[in-house]
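Structure record follows, encoded as structure tokens.
Reckoned from all heavy atoms, side chains included, excluding hydrogens, waters and symmetry mates.
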Amino acid sequence: MTASPPIAESNAPKPIHTDDAGLIAGPITIPAPAGDLPGYRAHPASGGPFPVVLVIQEIFGVHEHIRDVVRRLAKRGYYALAPDLFVRQGDPSRLGTVDEFRALAGRVPDRQVLSDLDASVAFAGASGKADVGKAAAVGFCWGGRITWLYAAHNPALKAAVAWYGRLTGDRTEVHPKHPIDVASALQAPVLGLYAGQDQGIPLSTVTELQDALRAASATGSAPGAARSEIRVYPEVPHAFYADYRPSYRPEAAADAWQRQLDWLAQHGVA
């Protein structure tokens, strides 16, 4: 739960820090079928119940930037929580290179992740402070891919926002489907936020996903497909929202964050 991304560049920006004033925030333990799951959650200290937002981690785990995103959402009136979805396969805080993080992520089965996200929603509901009838998911990078999968998995989800994240790839027992494969099964509308200069997610795959969404919309096979949208920021790189990395682009990040808030409100998660 204390993973630090392997960022050593001297030009990395000073990360944004969101305090916990007016919030209840801190580590949590989430009961789940495969065993207890650590995580981090924050929500306003008074009032409620609050709409729920699952924050799905980057490849680096539930590190400080992800915890800060949780607090940012709590400041906007959400019950936000980020489960540590790698914990069953390894400890991200012990890793130091991108290749090590990728190897760990590659061992984490999608089926396990979706089950742990279901358990996280149930945990929020049991708290008495969360309205799980107004639930959404937002995910970054690795979590962006998972967000599409979860929007196809959980019919109770109201909305989702995927910040970058791989859209296709090899189909394996661990990762049998990718976002392009589940467009025809989307239960919730997804806002996809992508970078035009992303070296790891070709724009051709974004186009493929858009085509898959249009095809699913035409058949009416997925209630979320027709209402999903894709936004591409042409001049920015991958991880343009990651304010602790040189890839951070403040203008695009601010625009995308506001679009996320508007998307949640538009779809009843507010």
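- Expressed to the nearest 0.5 Å, how far OG1 of T29 lies from CG of D36 amounts to 6.0 Å.
- Ring centers of F240 and Y164: under 6.0 Å apart, within the cut-off.
- In this structure, H238 and C141 have side chains that are in contact, with non-hydrogen atoms separated by less than 4.5 Å.
- Using modelled atom types, no side-chain atom of S115 and backbone atom of R111 make a donor-acceptor pair closer than 3.5 Å.
- One finds the CZ atom of R227 at 13.0 Å from the CG atom of L191 (value rounded to the nearest 0.5 Å).
- Using a 4.5 Å cut-off on side-chain heavy atoms (C-beta onward), V121 and L157 make no contact.
- Taking CD of E208 as the start and OG1 of T168 as the end, the distance is 6.0 Å to the nearest 0.5 Å.
- Classification of D131 and K158 as a salt-bridged pair fails, no side-chain N sitting under 4.0 Å from a carboxylate O.
- Around the CG atom of D19, the shell of radius 6.0 Å holds more than 12 heavy atoms that belong to other residues, nucleotides or ligands.
- Here the side chain of S127 pairs a donor or acceptor atom with the backbone of A124 at under 3.5 angstrom.
- Under the 3.5 Å distance criterion, the side-chain polar atoms of S228 are matched with a main-chain donor or acceptor of G224.
- At least one side-chain heavy atom of E229 sits under 4.5 Å from a side-chain heavy atom of W263.
- Ion pairing between E64 and R71 holds under the 4.0 Å rule for side-chain N and carboxylate O.
- Annotation: the span from Q260 atom CD to D255 atom CG amounts to 12.0 Å, rounded to 0.5 Å.
- Neither V70 nor I24 shares a network with the other; the hydrophobic side chains, linked directly or stepwise wherever heavy atoms of I, L, V, M, F, W or Y lie under 4.5 Å apart, form separate groups for each.
- In this structure, Q57 contributes its side chain and V55 its backbone to no donor-acceptor pair below 3.5 Å.
- Residues L209 and P179 share a closest heavy-atom pair of CD1-O, 4.0 Å.
- Partner of I56 under the side chain to side chain contact (heavy atoms under 4.5 Å, CB included) criterion, chosen from V161, L85, V138: L85.
- Follow the hydrophobic side-chain contacts under 4.5 Å out from V62 and you never reach L23; the two are in separate clusters.
- Contact check for V269 versus Y78: side-chain heavy atoms found under the 4.5 Å cut-off.
- Using a distance-only test at 3.5 Å, with no hydrogens or angles considered, a donor-acceptor pair links the side chain of E100 to the main chain of T97.
- Just one of F140, Y233, Y248, Y194 meets the ring pair (Phe, Tyr, Trp, His ring centres under 6.0 Å) condition when paired with Y241; it is F140.
- Between D243 and R72, at least one side-chain nitrogen of the basic residue sits less than 4.0 Å from a carboxylate oxygen of the acidic one, meeting the salt-bridge criterion.
- Distance alone, capped at 3.5 Å, is enough to place a donor-acceptor pair between the H178 side chain and the D170 backbone.
- Residues L37 and V52 share a hydrophobic cluster, clusters being chains of Ile/Leu/Val/Met/Phe/Trp/Tyr side chains in contact below 4.5 Å.
- With rounding to the nearest 0.5 Å, the separation of CG in L149 from CG in L117 is 10.0 Å.
- Under a 3.5 Å cut-off, the side chain of K14 and the backbone N or O of Y244 do not form any donor-acceptor pair.
- Among all heavy-atom pairs drawn from W148 and G192, the shortest one is CZ2-CA, 4.3 Å.
- Considering only heavy atoms from C-beta on, N154 stays 4.5 Å or farther from Q187 through its side chain.
- Crowding of R231 atom CZ: a count of heavy atoms from other residues, nucleotides or ligands under 6.0 Å exceeding 12.
- Closest approach of G196 to L203, counting heavy atoms only: O-CD1, 3.9 Å.
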How far apart are the C-alpha atoms of Y150 and V182, what are their side-chain angles, what is the distance that settles it, and do they pass the side-chain contact (heavy atoms from CB on, under 4.5 Å) test? CA-CA 10 Å; Y150 197 60; V182 302; over 6 Å; no
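- Put simply, the side chain of L167 reaches to within 4.5 Å of the side chain of V206, judged on heavy atoms.
- Annotation for E251: atom CD does not count as buried by contact number, only 12 or fewer foreign heavy atoms lying within 6.0 Å.
- Residues D20 and A25 approach most closely at CB-CB, 4.1 Å, considering heavy atoms.
- Aromatic ring centres of F60 and H65: separated by at least 6.0 Å.
- Shown here for I30 and A119, the closest heavy-atom pair between the two residues is CG2-O, 3.7 Å.
- R102 is not listed as a side-chain neighbour of W142, based on a closest heavy-atom distance of 4.5 Å or more.
- No donor-acceptor contact under 3.5 angstrom links the side chains of Y40 and D84, judged on distance only.
- With sequence neighbours excluded, no residue satisfies ring-ring contact (aromatic ring centres under 6.0 Å, His included) with H175.
- If you take CG on L264 and NZ on K134, they are separated by 12.5 Å, rounding to the nearest 0.5 Å.
- By the neighbour-count criterion of 12 heavy atoms within 6.0 Å, atom CD of Q258 is densely surrounded, having more than that number from other residues, nucleotides or ligands.
- In this structure, V174 and V108 have side chains that are not in contact, with every pair of non-hydrogen atoms separated by 4.5 Å or more.
- Under the 3.5 Å distance criterion, the side-chain polar atoms of K75 are matched with a main-chain donor or acceptor of A21.
- For A159 against H267, the heavy-atom pair with the smallest separation is CB-CB, 3.7 Å.
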